[in-house]
Amino acid sequence: MIIKKLIYLLIISFNFTIFSYSNEVKIVAKVNNDIITNVDLENQKKYLLIFNKNLKNLNREELTNLSKNSLIKETIKHKEIDKFFKLENSNLGENLIEDTFLSLGYKSKKEFLIFLKNQKLEYDILKKKLILEKLWNTLI
């Protein structure tokens, strides 16, 4: 009876070990005091692919380098924009999201949110990036 319980506990603990595995978060680049992680890099790849379907033709290394350079530029833009604007403008973000999903051919925000979920891209990340780009273009 004790042996059966031990075997049972070992099987359960083994299963929990497999399910609790998670990817490591690694630092990919550092810009001043800001860090860019592999998670940021994956989100940037998804973001770039949403807005430019031609990037699917790039190989993995080229897309990674493009995404990394894009994130470095984005970090620099963010630092400069912080000097002049506040990024927490929800009305601007919602308007930009609406313009974005309409320009991509989606009829409703709900439909676009389903698309983002399928792409495993968070709504707030996209919203922040759109606000950043809009403010940067305004600043320039």
Side-chain angles (χ1 to χ4, degrees):
M1 184 71 167
I2 295 176
I3 294 174
K4 285 183 180 180
K5 287 182 181 180
L6 284 174
I7 291 173
Y8 181 72
L9 286 173
L10 285 173
I11 290 171
I12 289 180
S13 66
F14 178 71
N15 285 337
F16 281 123
T17 305
I18 291 172
F19 292 121
S20 67
Y21 174 76
S22 65
N23 290 331
E24 263 184 47
V25 176
K26 298 177 185 175
I27 297 174
V28 176
K30 186 175 178 185
V31 181
N32 296 329
N33 291 329
D34 295 330
I35 59 170
I36 298 171
T37 66
N38 58 331
V39 175
D40 299 326
L41 195 58
E42 288 304 313
N43 285 330
Q44 188 69 8
K45 287 179 189 177
K46 293 172 192 173
Y47 173 77
L48 292 174
L49 287 169
I50 287 172
F51 292 102
N52 190 343
K53 303 294 183 197
N54 294 327
L55 294 179
K56 289 181 180 179
N57 299 330
L58 295 177
N59 67 39
R60 189 177 208 173
E61 186 177 332
E62 290 173 327
L63 183 58
T64 299
N65 287 334
L66 179 67
S67 299
K68 182 178 176 182
N69 290 334
S70 177
L71 277 171
I72 290 170
K73 289 177 186 175
E74 188 177 291
T75 303
I76 293 168
K77 288 177 184 179
H78 194 281
K79 289 270 188 207
E80 290 302 312
I81 287 172
D82 279 347
K83 295 176 184 176
F84 302 99
F85 301 106
K86 290 186 177 183
L87 289 178
E88 289 79 32
N89 187 341
S90 62
N91 290 336
L92 175 62
E94 292 303 318
N95 292 339
L96 290 171
I97 290 288
E98 183 175 351
D99 291 345
T100 300
F101 74 71
L102 291 174
S103 70
L104 292 172
Y106 294 94
K107 293 178 178 69
S108 68
K109 183 177 177 181
K110 183 179 179 182
E111 188 179 324
F112 186 61
L113 290 174
I114 292 169
F115 168 74
L116 290 178
K117 185 177 180 182
N118 290 338
Q119 296 295 315
K120 297 179 182 165
L121 184 62
E122 293 180 33
Y123 173 79
D124 291 335
I125 291 173
L126 178 66
K127 184 176 171 181
K128 184 177 176 184
K129 288 180 180 295
L130 291 173
I131 292 171
L132 182 71
E133 282 302 313
K134 181 66 173 180
L135 292 178
W136 178 255
N137 290 337
T138 302
L139 183 63
I140 295 301

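Values below: every heavy atom of this structure, side chains too, minus hydrogens, waters and symmetry copies.
The shortest side-chain heavy-atom distance between Tyr106 and Leu102 does not fall under the 4.5 Å cut-off. Inter-residue side-chain proximity for Thr100 and Phe112 is flagged as met; some heavy-atom pair is nearer than 4.5 Å. Looking at Leu130 and Phe51, their side chains come closer than 4.5 Å, going by heavy atoms from C-beta outward. By the 4.5 Å heavy-atom criterion applied to side chains, Glu80 and Trp136 are counted as neighbours. Contact check for Tyr123 versus Ile97: side-chain heavy atoms found under the 4.5 Å cut-off. Within the 4.5 Å cutoff, side-chain heavy atoms of Tyr47 are placed close to those of Leu126. Within the 4.5 Å cutoff, the side chain of Lys128 has no heavy atoms near those of the Glu133 side chain. Residues Lys68 and Val28 form a side-chain contact, since some pair of their non-hydrogen atoms from C-beta on lies under 4.5 Å apart.
With hydrogens and angles ignored, the 3.5 Å screen pairs a side-chain donor or acceptor of Asp40 with a backbone N or O of Thr37. The main-chain N or O of Asp34 is never found under 3.5 Å from a side-chain atom of Asn32 such that the two would form a donor-acceptor pair. Judged purely by atom type and a 3.5 angstrom limit, Asn38 has no side-chain atom pairing as donor or acceptor with the backbone of Ile27.
One finds the CG atom of Leu139 at 10.0 Å from the NZ atom of Lys83 (value rounded to the nearest 0.5 Å). Expressed to the nearest 0.5 Å, how far OG of Ser70 lies from CG of Leu41 amounts to 10.0 Å. Taken to the nearest 0.5 Å, the CG atom of Leu104 stands 7.0 Å off from the NZ atom of Lys53. Rounding to the nearest 0.5 Å places OG of Ser67 at 11.0 Å from CD1 of Ile72. Residue Asn57 holds its CG atom at 10.0 Å from CD of Glu62, rounded to the nearest 0.5 Å. Taking CG of Leu113 as the reference point, atom CG of Asn118 lies at 11.0 Å (rounded to 0.5 Å).
Of all heavy-atom pairs spanning Lys107 and Glu111, the tightest one is N-OE1, 3.7 Å. The two residues Leu71 and Lys129 make their nearest non-hydrogen contact at CD2-NZ, 4.0 Å. Nearest heavy atoms, Lys120 versus Lys46: O-NZ, 2.8 Å.
Transitive grouping of hydrophobic side chains (ILVMFWY, heavy atoms separated by less than 4.5 Å) keeps Ile140 and Ile76 in distinct clusters. Ile125 and Leu132 fall within a single hydrophobic cluster, where Ile, Leu, Val, Met, Phe, Trp and Tyr are joined by side-chain heavy atoms under 4.5 Å apart, directly or via other members. Residue Phe115 is grouped with residue Leu49 when hydrophobic side chains (ILVMFWY) are merged at heavy-atom distances under 4.5 angstrom, including chains of intermediate members. Put simply, Leu48 and Ile36 are part of two different groups of oily side chains (I, L, V, M, F, W, Y) that touch within less than 4.5 Å, one to the next.
A cation-pi arrangement is absent between Lys109 and Phe101 under the rule of less than 6.0 angstrom and at most 45 degrees off the ring axis.
Under 4.0 Å is where a charged nitrogen must lie from a carboxylate oxygen, and between Lys77 and Glu74 no such pair does. Taking 4.0 Å as the cut-off between side-chain N and carboxylate O, Glu122 and Lys127 do not count as a salt-bridged pair.
Checked by atom type, the side-chain pair Lys45/Thr64 shows a donor-acceptor distance below 3.5 Å.
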